[in-house]
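When a residue number appears, it is its place in the shown sequence, counting from 1. In each ligand, atom 1 is the first atom listed, and ligand 1 is the first ligand listed. As the structure is a prediction and not an experimental result, all values here were calculated from the model.
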Amino acid sequence: MTKETCKLHPARPSVWHCDHCRHGLCTECVPGSRENHDGNLPRCAICNTELRYLGAANLAEPFWTQAHRLFGYPLQANGLIVLVMMGVVAALLPASFIGLIGLIMLFAFSVHYGLNVIEQVRNGDMTPPSLSEILKQQGEWLFFKQIGVFAVLGAFVYAGMRVSPGLGVLVLLLVLLAAPAATMMLAMTRSVTESVHPVKLAALMIGIGPSYLLLWICLATVGAAPMLVGPLLQEMLPEQVLFPAGMVVSSYFTFVTYAMMGYILYEKQAALGFASNDEFGETLEGRTFLVRKGIADARQLAAVGRHEAALETLVKAINIDQSNAELREFYYRVVSAMDDEEALRRNTNSICDFFVGRQLPYKAAQYCQETRKRFPDFVPAEARTCHLVAERFFEEGRYKDAAQLLMSLHRMAPKYPDMFAVLLLMARIFFEGMNAPEKASALLKQIRTRYPDHPELPKVERLLEVISYRPATA
Ligand SMILES: [Zn+2]
Ligand SMILES: [Zn+2]
């Protein structure tokens, strides 16, 4: 069976589906948990329809590949406590009528516990219920309901027999086939009427599909395991502990079968038309959630060409988290996908200022360069940004770009406070980058005249010295 994948991330299974747009979305495209969404279903970023939850089940592996988790299930702390408790109680039961009552109560507890196992596993919770959790549930009468279900199913067989033996056998086979479905239904609905309803049981079995037969075979096999293990125990253990040990072993296998039933409901929840009551996904801190959602929605809008709407969404997110670089970068991506030169120039200025402000001039240089590839005359409007990007270009060996930026800066902002550094950098570009030592020394001499008291004047002197040595070393 192929699983639907995310429209934007084809390698990821979809967890959400928009019935209107007919596409699936992954957890990155629909971030956050039930709590983040205030208990509501999230809406499609494109058409605002409520999304349908496919459940984390779409991420779930088929149950027959989960043997290690299912057989390990009762061996986790809570499960072990319950198993040990059952063994201890079994050991303490006297061989009398009271002991028999105790045994029945133990059996009732095991059924009650097992139905809770189904319910929890079905909701994606692979931790066994704790003893105290179970003992807190009063008035559920699950054991009697389970007996009720089997009594009604037995009555069906009896009624069939009354009509004709052939029909009786047929009904018996059907009842045997439907028994796990009835148990699962009881765990989910806690209603005897629903759990013996032939149409509902048929719907459940058909919804699970061929896997139901596989589940049935697994349940029968695992359910029979204690009978195989029993004789072994008889040989290995002294008679006094045989009964409690048998109780522990058979309870272990029983809980595995309950976990199997819960898991198949979890796995097939989308086909069965209910979403598990799980948390959707990881709960994110409020602001983080809004930012993640902003990016995810904008990505979907941009993917269908709705760039303006994508930008609006991003602006909202930026207002929530001014310092988030990912939002700024995605904003730049969306603008550069649009055919709007003015907007791209404006946004390049803004992203360059942003990264210079965050002491990341190399990022500013990267975006400046990207825009310059399309519009070679682009120069950052802000003088300091222009200076730091030019410095970065110089370090990267982009001498022509750096020179162009510095010349523009000199022309546009003659009063720039760090003009000394700008001119010195220009001189280094002449000398190191453009192989023009005469131009460099002429500029350096100008700097010396213009800033006779500048504290960094020695740098100018040193460079002049280097330049004047050069012919000798050549
Ligand atoms: Zn939609
Ligand atoms: Zn996705």
Side-chain angles (χ1 to χ4, degrees), residues 1-62 65-66 123-126 266-321 324-338 351:
M1 192 178 69
T2 54
K3 283 177 177 172
E4 187 185 55
T5 57
C6 174
K7 177 184 68 154
L8 295 182
H9 303 97
R12 298 191 192 150
S14 61
V15 173
W16 297 91
H17 188 90
C18 177
D19 289 332
H20 183 260
C21 302
R22 292 160 186 267
H23 60 226
L25 295 165
C26 70
T27 47
E28 190 177 324
C29 291
V30 184
S33 66
R34 200 178 282 275
E35 189 186 325
N36 285 131
H37 292 280
D38 297 325
N40 300 316
L41 289 171
R43 289 179 177 274
C44 173
I46 309 297
C47 69
N48 204 35
T49 306
E50 234 176 38
L51 294 173
R52 183 157 54 85
Y53 187 44
L54 305 177
N58 211 10
L59 309 170
E61 301 296 324
T65 65
Q66 297 300 301
N123 285 315
D125 182 354
M126 286 302 276
Y266 172 68
E267 183 200 334
K268 299 288 178 185
Q269 55 184 297
L272 293 173
F274 62 80
S276 72
N277 188 23
D278 66 20
E279 293 305 314
F280 296 167
E282 191 193 345
T283 301
L284 303 168
E285 181 267 319
R287 211 165 67 144
T288 311
F289 167 67
L290 291 174
V291 167
R292 294 248 63 85
K293 181 167 158 50
I295 291 175
D297 287 356
R299 194 184 291 128
Q300 290 171 57
L301 289 164
V304 294
R306 285 174 56 190
H307 296 114
E308 300 290 346
L311 294 182
E312 262 174 51
T313 307
L314 286 171
V315 167
K316 275 186 213 154
I318 289 172
N319 285 333
I320 292 166
D321 187 357
N324 187 297
E326 202 183 345
L327 286 170
R328 310 280 177 153
E329 297 191 81
F330 194 58
Y331 195 101
Y332 178 89
R333 289 280 147 252
V334 176
V335 174
S336 74
M338 296 163 75
I351 196 166

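- Taking the six-membered ring where the residue is Trp, Y53 and W16 present tilted rings, their angle falling between 30° and 60°.
- Around CD of E35, the count of heavy atoms belonging to other residues, nucleotides or ligands within 6.0 Å does not exceed 12.
- When ND1 of H9 and SG of C29 are joined through the Zn ion (ligand 2), the resulting angle is 100° to the nearest 10°.
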### Verdict with supporting geometry, L25 and V15, side-chain contact (heavy atoms from CB on, under 4.5 Å)
CA-CA 6 Å; L25 295 165; V15 173; over 6 Å; no
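- The angle that C47 SG and C21 SG make at the Zn ion (ligand 1), rounded to 10°, works out to 110°.
- Summarising the geometry of L8 relative to A303, their closest heavy-atom pair is CD2-CB, 3.7 Å, with the distance given to 0.1 Å.
- With the Zn ion (ligand 2) as the vertex, atom SG of C6 and atom SG of C26 span an angle of 110° (nearest 10 degrees).
- Taking 2.8 Å as the criterion, H23 does not count as a coordinating residue of the Zn ion (ligand 1), since none of its N, O or S atoms falls below it.
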